[in-house]
Amino acid sequence: MTATTTYDIKKELKPFYGPRNTRWEVVDVPPVRYIGIDGAGDPNTERSYSDAIEALYAVAYTIKFAHKDRDRPFTVGPLEGLWWADDPSAFVKRDKASWKWTMLISQPPWITGADIDAAKRAALAKKKLPAIDSVRVVELAEGPSAQLLHTGSYDDEGPKLAELHDRFLAEHGLDFNGLHHEIYLSDARRTEPAKLKTILRQPVKQAHL
């Protein structure tokens with residue numbers, strides 16, 4: 001990549017941000033640095049979720065514009081989320097009130113913790129969003145992960161997650177090795193539910209016999 005080429009994680013890490021397989025396959029995901037923010041509850045009804053997303057994008061675009069002037073332009077990555085619950089079946093049942101989450105936006109490799117701290121200060125001064133204080137650096141090294149491309153409503157993910165939990169892992173001698181990860185390739189505000197594209201990912205490891 002030359003200094004004037006715009007960095008886009010969807011192109012740089014295409015196997016992990018542009019897969020076409022619609023059945024579960026195992027891939028080896030490289031380490032990625034993110035900015036992230038934590039929360040809990042139904043993302044459709046909790047005000048804290050929308051506040052978190054607003055804060056996350058405010059910081060992401062502040063970082064982008066700061067580096068545009070340094071000949072290191074980049075495209076802001078898609079929104080991503082880590083999801084979990086005390087009862088893993090909550091995802092298959094779509095029991096959203098019990099969900100916990102960390103929402104993420106990936107950062108290019110050259111973005112440092114100091115860059116992120118500076119962007120938080122600048123974004124907070126401009127936007128006055130208290131949730132910006134909760135934005136933090138997240139480093140993921142997921143490694144082997146089951147992954148597929150889901151097209152359709154988020155609520156239609158249940159059968160695919162049930163297939164992963166109930167069949168795929170057992171058939172391949174695998175077990176969970178991290179949090180359920182989703183990458184949102186579509187803008188839900190502008191895309192009808194049936195056409196939404198979401199990457200579903202689950203870090204895995206060899207199961208102990």
Side-chain angles (χ1 to χ4, degrees), residues 1-19 27-40 43 46-84 100-145 147 177-190 197-201 203:
M1 187 181 75
T2 64
T4 56
T5 299
T6 299
Y7 178 95
D8 185 343
I9 195 169
K10 296 191 299 296
K11 296 177 181 178
E12 296 291 328
L13 298 180
K14 190 171 183 179
F16 316 106
Y17 283 83
V27 296
D28 192 7
V29 183
V32 179
R33 174 181 291 148
Y34 302 85
I35 53 172
I37 189 167
D38 307 311
E46 287 289 340
R47 174 62 185 270
S48 62
Y49 180 82
S50 57
D51 288 347
I53 299 304
E54 187 177 8
L56 198 61
Y57 273 109
V59 176
Y61 276 95
T62 301
I63 297 169
K64 169 185 169 68
F65 291 128
H67 283 262
K68 184 178 180 181
D69 296 333
R70 302 181 202 173
D71 280 337
R72 301 301 297 271
F74 66 89
T75 299
V76 171
L79 182 66
E80 307 185 36
L82 302 177
W83 300 88
W84 69 101
K100 301 175 184 178
W101 40 264
T102 298
M103 305 312 296
L104 306 164
I105 296 178
S106 64
Q107 298 300 304
W110 64 84
I111 298 298
T112 67
D115 292 328
I116 293 168
D117 286 341
K120 286 177 60 178
R121 291 192 296 270
L124 186 59
K126 184 176 182 180
K127 295 286 188 178
K128 312 297 185 185
L129 301 172
I132 287 173
D133 279 334
S134 299
V135 173
R136 62 186 180 91
V137 177
V138 178
E139 306 262 4
L140 290 183
E142 293 174 303
S145 301
Q147 176 177 281
N177 192 36
L179 298 176
H180 174 72
H181 187 168
E182 299 192 352
I183 302 171
Y184 306 105
L185 302 180
S186 307
D187 185 340
R189 299 168 300 176
R190 299 180 175 87
K197 293 187 181 297
T198 307
I199 299 169
L200 307 183
R201 181 184 296 163

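The analysis underlying the following values was restricted to heavy atoms, covering all of them including side chains, and did not include hydrogens, waters or symmetry mates.
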(message) Would the distance check show the side chain of Asp117 and the main-chain N or O of Ala114 forming a donor-acceptor pair, the cut-off being under 3.5 Å?
(response) no
(request) Quick one: which residue pairs count as a salt bridge (charged side-chain N to carboxylate O under 4.0 Å, His left out) with a foot in residues 180-189, not counting sequence neighbours? (result) Asp187-Arg189, Asp187-Arg190
(message) Within this structure, what is the CH2-CG distance for the pair Trp83 and Leu200, rounded to the nearest 0.5 Å?
(response) 12.0 Å
(request) Using side chain to side chain contact (heavy atoms under 4.5 Å, CB included) as the criterion, list what pairs up with Lys14, not counting sequence neighbours. (result) none
(message) For Lys100, give me all partners under side-chain hydrogen bond (donor to acceptor under 3.5 Å, both in side chains), at least two apart in sequence or on another chain.
(response) Asp86
(request) Decide yes or no on side chain to side chain contact (heavy atoms under 4.5 Å, CB included) for Leu13 and Val32, but give the supporting numbers first. (result) CA-CA 10 Å; Leu13 298 180; Val32 179; 4.0 Å; yes
(message) Taking side-chain hydrogen bond (donor to acceptor under 3.5 Å, both in side chains) as the definition, give me every residue that meets it alongside Tyr57, ordered by chain and number, with sequence neighbours left out.
(response) none
(request) State the CG-OH distance between Leu104 and Tyr184, to the nearest 0.5 angstrom. (result) 9.5 Å
(request) Give the minimum heavy-atom separation between Ala131 and Ile37, together with the two atoms involved. (result) O-CD1, 3.5 Å
(message) Give me each pair satisfying salt bridge (charged side-chain N to carboxylate O under 4.0 Å, His left out) with a member in residues 130-144, each pair once, sequence neighbours excluded.
(response) Arg33-Glu139, Asp38-Arg136, Glu142-Arg201
(request) Identify the two heavy atoms, one from Ser145 and one from Val29, that lie closest to each other, and give their separation to 0.1 Å. (result) OG-CG2, 3.8 Å
(request) Assess whether side chain to side chain contact (heavy atoms under 4.5 Å, CB included) is satisfied between Trp84 and His180, documenting all intermediate values. (result) CA-CA 7 Å; Trp84 69 101; His180 174 72; over 6 Å; no
(request) Can you measure from NE2 (His181) to CD (Gln147) and round to the nearest 0.5 angstrom? (result) 9.0 Å
(request) Could you pull out the closest heavy-atom pair between Ser48 and Ala40, with the gap in Å? (result) OG-O, 4.2 Å
(request) Fit a plane to each ring of Phe74 and Trp110, take the angle between them on a 0 to 90° scale, and name the class: parallel (under 30°), tilted (30 to 60°) or perpendicular (over 60°). (result) perpendicular
(request) State, to 0.1 Å, how close Ala58 and Ile132 come at their nearest heavy-atom pair, and which atoms those are. (result) CB-CD1, 4.3 Å
(request) Measure the CZ-CD1 distance between Arg72 and Ile63 for me, rounded to the nearest 0.5 Å. (result) 14.0 Å
(request) Could you tell me which residues satisfy side chain to side chain contact (heavy atoms under 4.5 Å, CB included) with Pro15, sequence neighbours excluded, listed by chain and number? (result) none
(message) For Asp51, is there an ion pair with Arg47 - N to carboxylate O distance below 4.0 angstrom?
(response) yes
(message) If I take atom OG from residue Ser106 and atom OH from residue Tyr17, how far apart are they, to the nearest 0.5 angstrom?
(response) 4.5 Å
(message) Which heavy atom of Lys64 sits nearest to which heavy atom of Thr75, and what is that distance?
(response) NZ-CA, 4.4 Å
(request) Enter the distance from Thr198:OG1 to Ile183:CD1 here, rounded to the nearest 0.5 Å. (result) 10.0 Å
(message) Taking atom NZ as the centre, does Lys10 end up with more than 12 heavy-atom neighbours from other residues, nucleotides or ligands that are less than 6.0 angstrom away?
(response) yes
(message) Do Val137 and Ile35 make a side-chain contact, defined as non-hydrogen atoms from C-beta onward lying under 4.5 Å apart?
(response) no
(request) State, to 0.1 Å, how close Ile105 and Ala60 come at their nearest heavy-atom pair, and which atoms those are. (result) CD1-CB, 3.9 Å
(request) Could you please spell out the steps behind the side chain to side chain contact (heavy atoms under 4.5 Å, CB included) verdict for Lys120 and Thr62? (result) CA-CA 8 Å; Lys120 286 177 60 178; Thr62 301; over 6 Å; no
(message) Within the 4.5 Å heavy-atom criterion, are Ile9 and Tyr7 side-chain neighbours or not?
(response) yes
(request) Step by step, work out the side chain to side chain contact (heavy atoms under 4.5 Å, CB included) result for Leu82 and Trp101. (result) CA-CA 5 Å; Leu82 302 177; Trp101 40 264; over 6 Å; no
